[in-house]
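Structure record follows, encoded as structure tokens.
Both counts, for ligands and for their atoms, begin at 1 and track the order of listing.
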Amino acid sequence: AKADGAGFYRLFSSQMEKSLQNRRHIESDLRRGIKLDQFELYYQPLVELQTGFVVSGEALMRWHHPEHGMVSPGQFIPLAEETGAIEVLGEWALKQACQDALGWPDHVRVSVNLSPVQFGRSGLVDMVKAVLATSELDARRLELEITESVLLQNNAANLEALRQLRALGLTIALDDFGTGYSSLSYLQRFPFDKLKIDQSFVRGLEMRPESLPIVQSIATLGKNLKMATTAEGVETQAQLDIIAKAGCTEAQGYFFGAPMPEADFRALLLEPLAL
Ligand code: C2E
Ligand code: CA
Ligand code: CA
Ligand code: CA
């Protein structure tokens, strides 16, 4: 079935405005989708620039909707957050990702996105702890990606949750870095392991030279704070050359591979990547 994402979104967003009843319908659709196994995790490689190795796979959700075909997360994650279904969906994704990573070589980690809404729940740390224990995945192989909205308004409870999560032995990456309001203050409050440079700075680097000093500065910042820096959205050799020269430590993007089914990602790990 061909993806019908935009139409799906319009349908759902207009429904959402209508009534609580429709919102319940969306929520049950999401929950039914989880039960009926309609969700799948795709993986996109993160490549270490110094070695050319794939060092991680980012789990990115896909929904095989019976009527709307393949729906991308940009369409359903906001709805799942709005309805609260993200709690179940997020737990499913974490479990699935840890299980998938057990089938990969030990040096390859798995990166899982956490919604800010999941931080609103007091049980988040216990949930992650339980999933790690059940899956028996080494915590060091799990990276959680969060956006700075988690630390918005100096949220003490979320900060504490982040500290507890990191104490489990996993790593924390700050996603979409550079797109928020006061990014630098967050770096003072929490020792992130990685900064993911938002793709808006990487896109068109060849044509838009004003992005270059920003990417260079973030790479330097990461180096000085002993954090890895991942350039997101690398699509061309020219962009790769530029971000490597700027000092980024990792890259991710269509140049190396679009998000793909787990079996394809696992197969990719068996072949050396020529940089
Ligand atoms: P994100 O975490 O920033 O993920 C990167 C997005 O950029 C992905 O979109 C990926 O397919 C896309 N991308 C990667 N490389 C390139 C490139 O070279 N060019 C371009 N144009 N795009 C590229 P995707 O898979 O549609 O996911 C969108 C967003 O949905 C993610 O943004 C993330 O915020 C959210 N998301 C996906 N899966 C999950 C999940 O399991 N949980 C949560 N909470 N959010 C998720
Ligand atoms: Ca991400
Ligand atoms: Ca991102
Ligand atoms: Ca994003």
Less than 4.0 Å is my threshold; does some heavy atom of E81 fall inside it relative to ligand 1? no

Less than 4.0 angstrom from a charged side-chain N to a carboxylate O is my criterion; do K226 and D193 meet it? no

Checking F265 against D100 for the side-chain contact (heavy atoms from CB on, under 4.5 Å) test, could you report, in this order, the C-alpha distance in whole Å, the side-chain angles of both residues, the deciding distance, and whether it holds? CA-CA 10 Å; F265 180 72; D100 287 344; over 6 Å; no

Using a distance threshold of 3.0 Å, state whether an N, O or S atom of D175 lies below it from the Ca ion (ligand 3). yes

Name of the D176 N, O or S atom nearest the Ca ion (ligand 3)? OD1

So that I can check it, does any N, O or S atom in N113 come closer than 3.0 Å to the Ca ion (ligand 2)? yes

Is ligand 1 less than 4.0 angstrom away from at least one heavy atom of R203? no

I'd like to know whether ligand 1 has G90 as a neighbour, heavy-atom separation below 4.0 Å. no

Pairs involving residues 101-120, ordered by first then second residue, that meet side chain to side chain donor-acceptor pair (under 3.5 Å) (sequence neighbours left out): S56-S111, E58-N113, E81-S115, W104-E262, R109-E143, R109-T171

Is it true that D126 and K129 have a side-chain N and a carboxylate O under 4.0 angstrom from each other? no

Answer with side chain, backbone, both or neither: which part of K196 has a heavy atom less than 4.0 angstrom from an atom of ligand 1? neither

Could you tell me whether ligand 1 has any atom less than 4.0 Å away from a heavy atom of Q252? no

E145 N/O to ligand 1 N/O under 3.5 Å: no

Using ring pair (Phe, Tyr, Trp, His ring centres under 6.0 Å) as the criterion, list what pairs up with F190, not counting sequence neighbours. F192

Is it the case that ligand 1 has an N or O less than 3.5 angstrom from some N or O of Y254? yes

Quick check: do L195 and L225 have side-chain heavy atoms less than 4.5 Å from each other? no

I77 and ligand 1 - part of the residue with a heavy-atom distance under 4.0 Å: side chain

If every non-hydrogen atom of P73 is compared with every non-hydrogen atom of R62, which pair is closest and at what distance? CD-NH1, 3.2 Å

For the Ca ion (ligand 3), decide whether E145 has an N, O or S atom at a distance under 3.0 Å. no

Of the choices P73, G257, S115, which has the non-hydrogen atom that lies closest to atom 30 (O) of ligand 1? P73

Do the charged groups of E250 and K194 touch, with an N to O distance under 4.0 Å? yes

Drop me the distance from L144's CG to L162's CG, to the nearest 0.5 angstrom. 9.0 Å

Heavy atom under 4.0 Å from ligand 1: found in R62's side chain, backbone, both, or neither? side chain

When the ring planes of F39 and F76 are compared, do they come out parallel, tilted or perpendicular, using 30° and 60° as the limits? perpendicular

Considering L89, L60, V112, which one's heavy-atom position lies nearest to atom 8 (C) of ligand 1? L60

Backbone, side chain, both or neither: what part of T147 comes under 4.0 angstrom of ligand 1, heavy atoms only? neither

For E58, what is the atom name of its N, O or S atom nearest to the Ca ion (ligand 2)? OE2

Is D176 close to ligand 1, meaning an N/O of one under 3.5 Å from an N/O of the other? yes

Between E48 and T249, is a side-chain hydrogen bond (donor to acceptor under 3.5 Å, both in side chains) present by the stated rule, with each step listed? CA-CA 6 Å; E48 186 175 64; T249 62; over 6 Å; no

For Q44, take its heavy atoms, then give the atoms of ligand 1 lying under 4.0 Å from any of them. 14 (C), 15 (N)

Tell me whether A93 has any N or O atom under 3.5 angstrom from an N or O of ligand 1. no

For the pair H64 and D37, evaluate side-chain hydrogen bond (donor to acceptor under 3.5 Å, both in side chains) and give the outcome as yes or no after the intermediate values. CA-CA 9 Å; H64 301 281; D37 232 14; over 6 Å; no

